[in-house]
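Naming: A, B, ... by sequence-line order, numbering from 1 per chain.
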Amino acid sequence: MATARGKVRDKTGTAPAEDSFRLQTETGHKASRSKTEPALAEYRRKRDFTATREPAAGRARGQAMAPLYVVQKHAARRLHYDFRLELGGTLKSWAVPKGPSLDPAVRRLAVHVEDHPLAYADFEGSIPAGHYGAGEVIVWDRGVWEAADADPAAAYRAGKLKFHLLGEKLSGGWTLVRSRLPGSGGKEQWLLIKENDAAARQAADYDIVAARPDSVLGHAPLPEPDAKPDKAVAAALPARLAPTLATLVATPPAGDWRYEVKFDGYRLLARVEDGEARLFTRNGLDWTAKLPEIAAALRALDLAPSWLDGEIIVPDAAGRPDFQALQNAFERGRSADIVYCLFDLPYHAGLDLRAVPLEQRRARLESLLAGKDDRLRFSTELPAGGGDLLRSACALGLEGIIGKRAGSSYVSRRSADWIKLKCKLRQEFVIGGYSAPQGGRSGFGALLLGVHEASGALRYAGRVGTGFSEDQLHALHARMQRLAQPTPPFSPPPGRQESAGATWLAPELLCEVEFAAWTREGLVRQAVFRGLRADKPAQEIVRERPAANPGPAGKPGQGKVAGIAISHGERVIDAESGTTKRALAEFYDSIAPHLLAQLAGRPLSLLRAPEGIAGEQFFQRHAETLAIPGLHRIATVTDDEPLIGIDSRRALIGAVQMGTVEFHSWNTDFRHIERPDRIVLDLDPDPALPWARMVEATHLVLVLLDELGLAAYLKTSGGKGMHIVVPLAARQEWEPVKAFAKGIAQHLARHLPRQFVASMGPKNRVGKIFVDYLRNQQGASTVAAYSVRARPGLPVSVPISRDELETIDGAAAWNVHTLAARLAGLATDPWVGYAHRQRLTDAMRQSLGLA
DNA sequence: GGGAAAC
DNA sequence: GTTTCCCAACGCCGC
DNA sequence: GCGGCG
């Protein structure tokens, strides 16, 4: 024991090649083949940071340093947990609870240090994706323990691990702070923070809330509750207070706005005075008696006379507000689960703070709540950036976000300085009936909606009774009457109340509906009719799962997609969109006909990422031991091992179950594997180039192909570039076809040197577009049209028409969430006319200078 | 994610 | 039993 | 020329 700090790490030798840090032991390290941004410098910086830290003042001599920390990296809006242990002693082994290391539920690391029994180190909390924007956070748990303490976990529990560094400026610009983060259960954490762009933000953005009494340095910029802020006015505490209400807006406005989570609960104001706490709804009803635990927690804060403003919620398992759970909590008189999320402090300690800038009120509020009852939580600020922020909030299954203008004051009315941005859900439903009109309404009352279960049954999904014009109402009614049938198409049929007076319809009509949320029973809430749809077979209408929403558990068939059991269906494959493995499988199931048309008959390479796109990724070209139902293993003369062929839904979903994210196809067919039947040119731009340059370059290539007399088809790559596909009759073998593709690339590079390069190196590619012709050799493959890409947000490679090139705003125009809408809105196949008829002629070769 | 080799 | 390794292929680039 | 990298 008590060997030098950093020993474990030093023994590992080489730095990992990926941007994450695997826990490293003396048995070696694991270099990943992950195709992510280079992170060697990143790694070195962090290593340097730990290596160059000065020992903390006040540490007794002879004590072993045994810091344990958890590294969480969050760059470019990708959340990444990883664990690194640095222990005095030789690390023997370690364990993270089974499952993805991204699992926010991971709370405990087991560590095994030589000469020590198995020790556990707990850490608490998690940081949801999107919380910190671009930047990095290290969740840090640090302390010392006596060498005599055989069990560091016991020492930790006994409080012998001392924290004693706060606000310490560390090398490399890191700062140690103590803070509470959303999702942390209100618990404070030690955080090491570092800004990528310090100028863009202020330290206060990080919610630094408290200094420990034993803080050595303690110069963190803490709010000073006792100082009287500008504009604060001494005032008696009013008996009543009406809250500031937010204005609903559709898009994030310009300007300086501070965003918070929109809580799906009840607004509640708290009045605290003389050891008494009372709770009021926004209409002034006294709910103190309904919320004894909250009231007690507020009393325990022992506040000087104050009004606090917040919202009560019941968090679901993932920490998100759950409106129904809140209602249930009231119904059952179980208010103990309720949490009060506080976001404002209009009065405090005899001061009227309403005119004080928002940030100051909130800083003061946060300091009041720091380290107090878990039922009282500070509503943390979300990172700047409205549009993306809303998207990520929605992807996390939140109801929306609230924006407050920087510096705004607290007013007792609806304010334009407080805005709410809602995540609206929208999807198609099958119309399975309608209810009788009520009152002055003619035609029908509401449409009875359904979605298909995985089993194929049409499940009742609630009703929509608003959103149609008078004309629509009549037209729809007339149309529906022709589809009337005596029995409900739903299975099981809706309850008596829903069925009363209903007219049942053959499940043929589809409509688009916008709604606020799915209820726990799987019905739409606050649904609005947005129009009929007619572009999809009714059978394809299924519930579109909001990302990261596992859905009701325990239902039969719940774990299966297309008959394939999906293990770890709740695993989040992509943190940015919150897409789970099951959602990915369902996505592939939903586009199976499109994708299978691209894959069938071709040898494939699979890009697999069993632990999600942030984990290790690898290609697989040989069927090997791959146990996928319906997968073809095809022996060929070209490869010793059988290749992979997929031509069924089962095999497709089976591949997804095995962690496949991307499907890459060869430019040939098993039937003529030595003769390619297409050329694929991958236009791969310098990432810094604007999209307009990409559009221009694509046009230029199309012009060249037109001149040669070759028809070509476009698809987005799902990344930065475009793929141009030239279908061929499978006449020639790989070599001449590759030479032809190379000829095109070199022709472009030669004649349009400002736009194109034909060689791969990034060196002379600055500001240009690399025409990647290398995908046209034997054994090479290109991501298939309709394949997802293993990148943040899970974009999809999508065929487009030449006309559409002008209209899209990037090669990642569609992703797993938005592709359905595109397919639904598509009148004609963007690749209409695609046929393998073209030949490469000598005349073409001459034109290219290949002769 | 899972088979198989290496501990 | 437990842990690690493997799962493409190619051209570039730096040693 | 070899190996790591993208």
Whole-Å distance between [N] [atom2] and [X] [atom1]?
{"X": "L607(A)", "N": "dG1(B)", "atom1": "CG", "atom2": "P", "answer": "14 Å"}
{"X": "L604(A)", "N": "dA8(C)", "atom1": "CG", "atom2": "P", "answer": "13 Å"}
{"X": "W666(A)", "N": "dA8(C)", "atom1": "CH2", "atom2": "P", "answer": "11 Å"}
{"X": "R775(A)", "N": "dG11(C)", "atom1": "CZ", "atom2": "P", "answer": "13 Å"}
{"X": "E616(A)", "N": "dG2(B)", "atom1": "CD", "atom2": "C1'", "answer": "13 Å"}
{"X": "E641(A)", "N": "dA9(C)", "atom1": "CD", "atom2": "P", "answer": "10 Å"}
{"X": "E611(A)", "N": "dT4(C)", "atom1": "CD", "atom2": "P", "answer": "13 Å"}
{"X": "L631(A)", "N": "dG1(B)", "atom1": "CG", "atom2": "P", "answer": "17 Å"}

| said: Under 4.0 Å, counting only non-hydrogen atoms across every strand here, what does M760(A) touch: a base, just sugar-phosphate, or nothing? | reply: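 Base contact.
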| First of A780(A) and S759(A) reached from the 5' end of DNA chain C, by closest nucleotide |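 Nearest nucleotide further toward 5': that of A780(A).
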| message | Could you check whether N667(A) and D677(A), counting side-chain N and O atoms only, form a donor-acceptor pair closer than 3.5 Å? | response | no
| task | Please tell me which of the listed nucleotides, dG11(C), dG1(B), dA8(C), lies nearest to the side chain of Q657(A)? | result |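 Nearest to the side-chain atoms of Q657(A), counting from C-beta on, is dG1(B).
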| said: From C-beta outward on H622(A), which listed nucleotide comes closest to its side chain: dG2(B), dA8(C), dG11(C)? | reply: dA8(C)
Between [X] and [Y], does at least one N-O distance fall below 4.0 Å, as a salt bridge requires?
{"X": "E696(A)", "Y": "R693(A)", "result": "yes"}
{"X": "R775(A)", "Y": "D682(A)", "result": "yes"}
{"X": "K768(A)", "Y": "D686(A)", "result": "no"}
{"X": "D574(A)", "Y": "R791(A)", "result": "no"}

Is there a side-chain contact between [X] and the phosphate of [N], meaning an N or O under 4.0 Å from OP1 or OP2?
{"X": "H568(A)", "N": "dG1(B)", "answer": "yes"}
{"X": "Q620(A)", "N": "dG2(B)", "answer": "no"}
{"X": "S781(A)", "N": "dA9(C)", "answer": "no"}
{"X": "R621(A)", "N": "dA9(C)", "answer": "yes"}
{"X": "R571(A)", "N": "dG1(B)", "answer": "yes"}

| request: Can you tell me, in whole Å, how much space there is between the P of dC5(D) and that of dC6(C)? | output: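 Result for the P pair: 15 Å, nearest Å.
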| query | Say you pick atom P in dG3(D) and the same atom in dC7(C); how far apart are they, in whole Å? | reply |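 The answer is 16 Å between these two P atoms.
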